[in-house]
Each structure stands twice: as C-alpha cells, then as structure tokens.
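First up is the structure itself, then whatever we jot down about it.
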Protein chains: 2
Amino acid sequence: MNHDEGQAESADVLERLGAFSERDEWTAKGWCRIERSLDLIGTRSAMLVVRELFYGGTKFDELARRTGLSEAVVAGRLKQLYADGIVDRRPYQEAGKRTRDEYVLTERGRGLFPIIVALVQWGELLGDDHRTGVELVHRDCEAPLSAHIMCANGHEVPLDQAAVRLKDEAYVTAMRTRPHGSR
Amino acid sequence: MNHDEGQAESADVLERLGAFSERDEWTAKGWCRIERSLDLIGTRSAMLVVRELFYGGTKFDELARRTGLSEAVVAGRLKQLYADGIVDRRPYQEAGKRTRDEYVLTERGRGLFPIIVALVQWGELLGDDHRTGVELVHRDCEAPLSAHIMCANGHEVPLDQAAVRLKDEAYVTAMRTRPHGSR
DNA sequence: CTTCTGGCTATGGTCTCCACTAGTCAGAGT
DNA sequence: ACTCTGACTAGTGGAGACCATAGCCAGAAG
C-alpha cells in the first residue's frame, strides 16, 4: 500500500506527496487538469488554428490557408473554439466587401501562450534542420524564448525539485469513502 | 500584400518580424516546430501516458489502469514513444515474477516537463471545482508551479513583448525563389 | 436584375483513435 | 509437466478527424 520507498528512486520523475502516493486510488477522470486541457485543444487542428491566431491570422481564409487544413475543418474548429471561449468573433467590413467575422483570441485563448512556447521549444530539440523554421523571440532584445518552470515563490524549479500532490486532500479522501463519484 | 500596418494592431498577438510578416509565403509544412511536436505527442493517449510516467508509473499495468486507456492503446503508444526516443524500456524482475520491462522517460521525454506544466496551468483556469484535482508544486517550499516565458537574456516576456520571425531569413528567402515554390 | 466573389456549409469517403473482448505466450510455482 | 498470472496482441466496431468536392447565400459590381 505504502509507496514511501518510492521517494528514494531516481529523481527523474515528480516526487509524489501525501495521499497522491497511493496513485491507484485517484484514477478518476476529470481530476488531472491535463485531460481538461486536452478536451479543448487536444487535436492537431485546434492547435494549428490557435497557432495561426497567435501568428496574427484573423480571417477565415487566412486561417484555412496557413494551417493547411480544409475549410470544413477550420470552420468546425473555430466553432468549437468559440463555444469554448478561446476565440471571439468580431464582425467587420472591408471597403467593397460584405461584412464578415474575424477571429481573435480571448483572454483564455491568450493563456495558451506558454503551451505554444513549450511546444515550439520541445520541437526544436527534435530538429534536424536548424536553419529553417520559425523562432519566438523577445521583441526588445531578440533573444529566443523558452518556458521556465517556477514556483509561486520565484524559485526556478527543475524536474528533480518538483512534486505532485492532491489539492485538497481531506475533501478528496472523504469522497473516496463515498459510493458516488460526482462530475 | 504588405501587412506592415499590422504592427500597430493591438498587441494581443505575436509581433511578426522581418520576412515572417508576409506570412502567406511560409505555409510550408514542417517549419513550425509545433507540428513536429504534435506528430509525436499530439494524441490524447500519448499525453496521458507521458503524464503517468511523470507521475511515477513505470509498469505496463500501472500505466493502463491509471490513464484509463485500454491495454491495446497503451501498448501501441509505448511502442511509438519508444520508437520516438521518449521512453526507454528497462528489463527488471521482481521476486517470483517473470522478467518484464518497465518504462522510464528518456532525456527527451523529460524535456516535455514544461508542456505538462503549461497544460496543467491552463486547465486550472477552466476549472469549476477548485477543490479536487492534482497540483504541481516545488518540493522544497510547496508553492505551486507555473510556466514563465523568458528570453535567453533572462527577461520575463509577456505575450505583448513577444515576437515571431524566421530563423534563417536568407536561407529561407533563397528557397522561396527556387522552383520548389508552393502556391 | 444578374453575375460574381468570398465566406462558409453539406456530403461522402478514408483513416486514425480508442474501447472491448478475446487470445497468446513466457516463465514462476507446484 | 501442468497450471496460473501478468504482459502483451489481435480482431471488431464505433466515433471522430480530416480531405475533397460541391453547394449555398449575402452583398457588391455591373
């Protein structure tokens, strides 16, 4: 039952604190935020559309062309992203054109920035051709960006100093004895 | 054609530097590292398996049970993650058991840590129930983790100070004039 | 009014993801 | 040798992701 000896294993993974160490009790679906995130942006097409929105695309045809996705997929994805509060539609009109919608990231959508940076950063490591490709940089000093993991107290936290635990252990332990699983 | 006036638009997206501002020229597939990353870990099941590896799961049945995925999917995913150099297999034997493989993250796999943190962080914002769920913290001070975007010179970079550009503009511009040209 | 264009939408087909239910197979225990 | 358990593997089927083609519809141009 007790996995305490696991604490001594190589620090290549997250240390497990408290009741989380009995990991098999917490299989319940919605509890890891990762799954929730993946439900909204877990598909390739969703990420590509979001990428183009970050890169400044706003119009339907721009997004379709630049992602390389079919129009039907882009339309469906934009609909879903709108429903999920990640993009907003904003009607506008160019001279001599009918009114149409442009798409912009909401606050929630802009919150995806660290994910974008982390994906770019990791993809860079896989690379073969380091000459091609795009690069995210600081506008002022033009130095490339990377995602740093820090704690709320401002410490830089490498993987071997990170840990995982249940947020509200008492609440969760209480549920565990109950027959019902909410959600 | 020229999108220079886009520079003055609200800084809710990445500023586009240099030739990248002519975005439609750079539709070419493999250039954004995001797509490369998504090719390897772009599926829900891959991310869930990686999550459990970070959470300390190593054995096949642990990974299957804790991700909630079917055994067939976990087996397939582990095979793919192994082929892609994200996990390593390491034979071992418990007393009274046959030899089997355990799965551990490689260096490349551990490089996914920022992505994991960013996904958890973003999923947290979507939340309704802030009492349940897991939390990543600094082992020493127990403060929660978040991904901070910084440039190589150590500046913290919010979205409105970030920019995107082509890595090697001369190289890329040369390719553009070649017959290989698309669209 | 008619035509034309741009911004979607609808249909159909393929492919991948995934769950579910077996089945295989190595080797420890007896 | 025989059984049993755990680690996979194979087959089936459904749902969703994606592409390609074609269609629809608002409004500007003529």
Side-chain angles (χ1 to χ4, degrees), chain A residues 24 27-29 34-35 37-53 57-84 86-104, chain B residues 1 24 27 29 34-35 38-53 57-84 87-104 182-183:
Chain A
D24 286 321
T27 313
K29 335 106 282 287
I34 292 177
E35 300 187 35
S37 295
L38 292 178
D39 286 343
L40 304 196
I41 46 135
T43 67
R44 172 184 166 81
S45 58
M47 280 306 304
L48 293 183
V49 169
V50 166
R51 178 193 72 183
E52 286 308 327
L53 291 165
T58 59
K59 300 176 203 160
F60 179 82
D61 71 312
E62 282 177 345
L63 298 173
R65 191 172 55 251
R66 296 177 184 180
T67 56
L69 298 167
S70 70
E71 294 180 342
V73 170
V74 173
R77 226 29 89 184
L78 284 171
K79 208 166 279 187
Q80 182 210 311
L81 291 170
Y82 177 72
D84 291 336
I86 294 167
V87 304
D88 204 4
R89 344 181 118 222
R90 181 192 292 174
Y92 79 110
Q93 188 162 19
E94 284 179 352
K97 300 283 179 63
R98 65 185 262 206
T99 60
R100 42 185 175 170
D101 283 342
E102 63 177 359
Y103 300 90
V104 292
Chain B
M1 296 287 172
D24 286 320
T27 313
K29 350 34 358 265
I34 291 177
E35 300 187 36
L38 292 178
D39 285 342
L40 303 197
I41 47 134
T43 67
R44 173 184 166 80
S45 58
M47 280 307 303
L48 293 183
V49 169
V50 167
R51 179 193 72 184
E52 286 308 328
L53 290 166
T58 57
K59 300 175 202 158
F60 179 81
D61 71 313
E62 282 177 346
L63 297 173
R65 192 171 55 252
R66 295 176 183 180
T67 55
L69 297 166
S70 69
E71 294 181 341
V73 170
V74 173
R77 228 26 91 184
L78 285 171
K79 208 166 279 186
Q80 182 210 312
L81 290 171
Y82 177 73
D84 291 337
V87 304
D88 203 4
R89 343 181 118 222
R90 181 192 293 173
Y92 78 111
Q93 188 162 19
E94 286 179 352
K97 300 283 179 63
R98 66 183 262 207
T99 59
R100 43 186 173 169
D101 283 343
E102 64 177 0
Y103 300 90
V104 293
S182 53
R183 297 194 41 94

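Numbered from 1 within each chain, the chains take letters A, B, ... in sequence-line order. The model shown is predicted, which means the values in this text are computed figures rather than measured ones. Heavy-atom basis, side chains included; hydrogens, waters and symmetry copies ignored.
Rounded to whole Å, atom P of C:dG6 lies 11 Å from atom CZ of A:Arg65. One can place NZ of A:Lys59 at 12 Å from P of C:dC8, the figure rounded to the nearest angstrom. Rounded to whole angstrom, the span from the CG atom of B:Asp39 across to the C1' atom of C:dC15 amounts to 15 Å. The nearest whole Å value for the distance from the CD atom in A:Glu62 to the C1' atom in C:dG6 is 13 Å. The distance between atom CZ of B:Arg89 and atom C1' of D:dC8, rounded to the nearest whole Å, is 10 Å. Atom C1' of nucleotide D:dA26 and atom CG of A:Asp101 are separated by 13 Å, given to the nearest angstrom. Distance NZ (B:Lys79) to P (D:dC8): 9 Å, rounded to an integer number of Å. Taking atom CG on B:Asp61 and atom C1' on D:dT5, their separation rounds to 11 Å, with Å as the unit.
Counting only distance, with no hydrogens or angles, the side chain of A:Glu71 and the backbone of A:Asp61 share no donor-acceptor pair below 3.5 Å.
Across D:dC18, C:dC18, D:dC8, the shortest atom-to-atom separation from the side chain of B:Leu69 is found for C:dC18. Listed nucleotides D:dC19, D:dC8, C:dC17 differ in distance to B:Tyr103; the shortest reach to its side chain belongs to D:dC8. The side chain of A:Ala72 lies closest to D:dA20, out of C:dC18, D:dA20, C:dA22. In the set D:dC19, C:dC8, C:dA19, D:dC19 carries the atom at the smallest distance from any side-chain atom of A:Ser70. The side chain of B:Arg77 has C:dC18 as its nearest neighbour among C:dC18, D:dC18, C:dT9.
Taking CE of A:Met47 as the reference point, atom CD of A:Glu52 lies at 11.5 Å (rounded to 0.5 Å). The line from OG1 of A:Thr43 to CG of A:Leu38 is 10.0 Å long, rounded to the nearest 0.5 Å. Taking CG of A:Leu81 as the start and NZ of A:Lys79 as the end, the distance is 12.5 Å to the nearest 0.5 Å.
At the phosphate of C:dC17, neither OP1 nor OP2 sits under 4.0 Å from any side-chain N or O atom of B:Ser45.
Between A:Glu102 and A:Lys59 there is no salt bridge, since none of the side-chain N atoms of the basic residue sits less than 4.0 Å from a carboxylate O of the acidic one.
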